[in-house]
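The structure appears below as structure tokens.
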Amino acid sequence: MQAKKSYKVFRFQSEVHWHSGRRAMICSSGKPDLAVSSPSEFKGEPGLWTPEDLFVASVNVCTLLTFIAFAQHKKLDFAGYESDAEGALENVNGKYRFTEITLHPHIDVRSPEDAERAREVLEDAHKGCFVTNSISTVVKLFPQFRVV
């Protein structure tokens, strides 16, 4: 009988402190504070990060960092990675929810062969992104690869 692999549980903590109106501060030990608000569409302060921004950014950043980890593991030497993301917040059955997040990664590689390898690594990273795997929102990936 094979022994069951044991996995460590990781915990992440944060605090929020209301400031005024619809403005608050996100705090976490050892990290810079982050001013947040509701989106201006929901009577928040313009120019501040919102939970909606952070939600979409979390998927985008997790995909990037998972790609980097997988690329390092597979010894893929890529030259650059930039990605824009957009989330669709829609009213579904009387409640707002994100129905879709679209990622547009632009990955620079050094050869045509690396472009194909980068595509495979990105697909694996997309499937392995733990933030994406933790949400019910559909996440679509539309990558572009460029040989530099």
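If you chain together hydrophobic residues whose side chains sit under 4.5 Å apart, Met25 and Val36 never meet in one group. Hydrophobic clustering of Ile, Leu, Val, Met, Phe, Trp and Tyr side chains at less than 4.5 Å, counting indirect connections, keeps Val59 apart from Val138. Note on Phe42: it clusters hydrophobically with Phe55, by side-chain heavy-atom contacts below 4.5 Å among ILVMFWY residues. Hydrophobic cluster membership differs between Val139 and Leu54, with clusters built from Ile, Leu, Val, Met, Phe, Trp and Tyr side chains linked at under 4.5 angstrom. Put simply, Leu122 and Val147 are part of the same group of oily side chains (I, L, V, M, F, W, Y) that touch within less than 4.5 Å, one to the next.
At a threshold of 4.5 Å between non-hydrogen side-chain atoms, the residues Arg11 and Val9 count as touching. Two residues are said to be in side-chain contact when any heavy atoms from C-beta on lie closer than 4.5 Å; Asp53 and Thr50 meet this criterion. Counting heavy atoms from C-beta on, the side chains of Val109 and Val148 never come closer than 4.5 Å. Using a 4.5 Å heavy-atom cutoff, the side chains of Ser28 and Glu15 are not in contact. Between Thr63 and Leu103, the closest side-chain pair of non-hydrogen atoms falls below 4.5 Å. Using a 4.5 Å cut-off on side-chain heavy atoms (C-beta onward), Phe145 and Asp114 make no contact.
Atoms CZ and CG, from Phe98 and Leu89 in turn, are 5.0 Å apart once rounded to the nearest 0.5 Å. Here the CD1-NE2 distance, from Ile26 to His17, works out to 10.5 Å after rounding to the nearest 0.5 Å. Summarising the geometry, atom CZ belonging to Arg117 is positioned 8.5 Å from atom CD belonging to Glu120; distances are rounded to the nearest 0.5 Å.
Pairing each heavy atom of Pro105 with each of Leu141, the nearest pair is CG-CD1, 3.7 Å. Closest approach of Leu48 to Ser37, counting heavy atoms only: CD1-CB, 3.8 Å.
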Exercise. Are Thr137 and Arg97 close enough, and set up right, to give a side-chain hydrogen bond (donor to acceptor under 3.5 Å, both in side chains), and what steps lead you there?
Worked result: CA-CA 8 Å; Thr137 305; Arg97 66 181 304 264; 4.9 Å; no
For this session: Any chance you could lay out the side-chain hydrogen bond (donor to acceptor under 3.5 Å, both in side chains) test for Thr99 and Glu90, step after step, and finish with the verdict?
Result: CA-CA 7 Å; Thr99 56; Glu90 298 183 78; 2.4 Å; yes
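Counting only residues at least two apart or in different chains, salt bridge (charged side-chain N to carboxylate O under 4.0 Å, His left out) contacts with residues 137-148 comprise Glu100-Lys140, Asp108-Arg146. Screening residues 16-35 for salt bridge (charged side-chain N to carboxylate O under 4.0 Å, His left out) gives Arg23-Glu45 as the qualifying pairs, with residues at least two apart or on separate chains.
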Give the table of side-chain donor-acceptor pairs shorter than 3.5 Å for residues 64-85, with sequence neighbours excluded, one pair per line with atom names and distance.
residue, atom, partner, partner atom, Å
Thr66, OG1, Cys62, O, 2.7
Asp77, OD2, Arg110, NE, 3.0
Ser83, OG, Asn60, OD1, 2.8

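Remark: the backbone N or O of Cys129 is paired with a side-chain donor or acceptor of Asn133 at under 3.5 angstrom. Side-chain atoms of Trp49 never come within 3.5 Å of backbone atoms of Glu52 as a donor-acceptor pair (strictly under, hydrogens ignored).
Checking each of His104, His106, His126 against Phe142 for a ring pair (Phe, Tyr, Trp, His ring centres under 6.0 Å) leaves exactly one that passes, namely His104.
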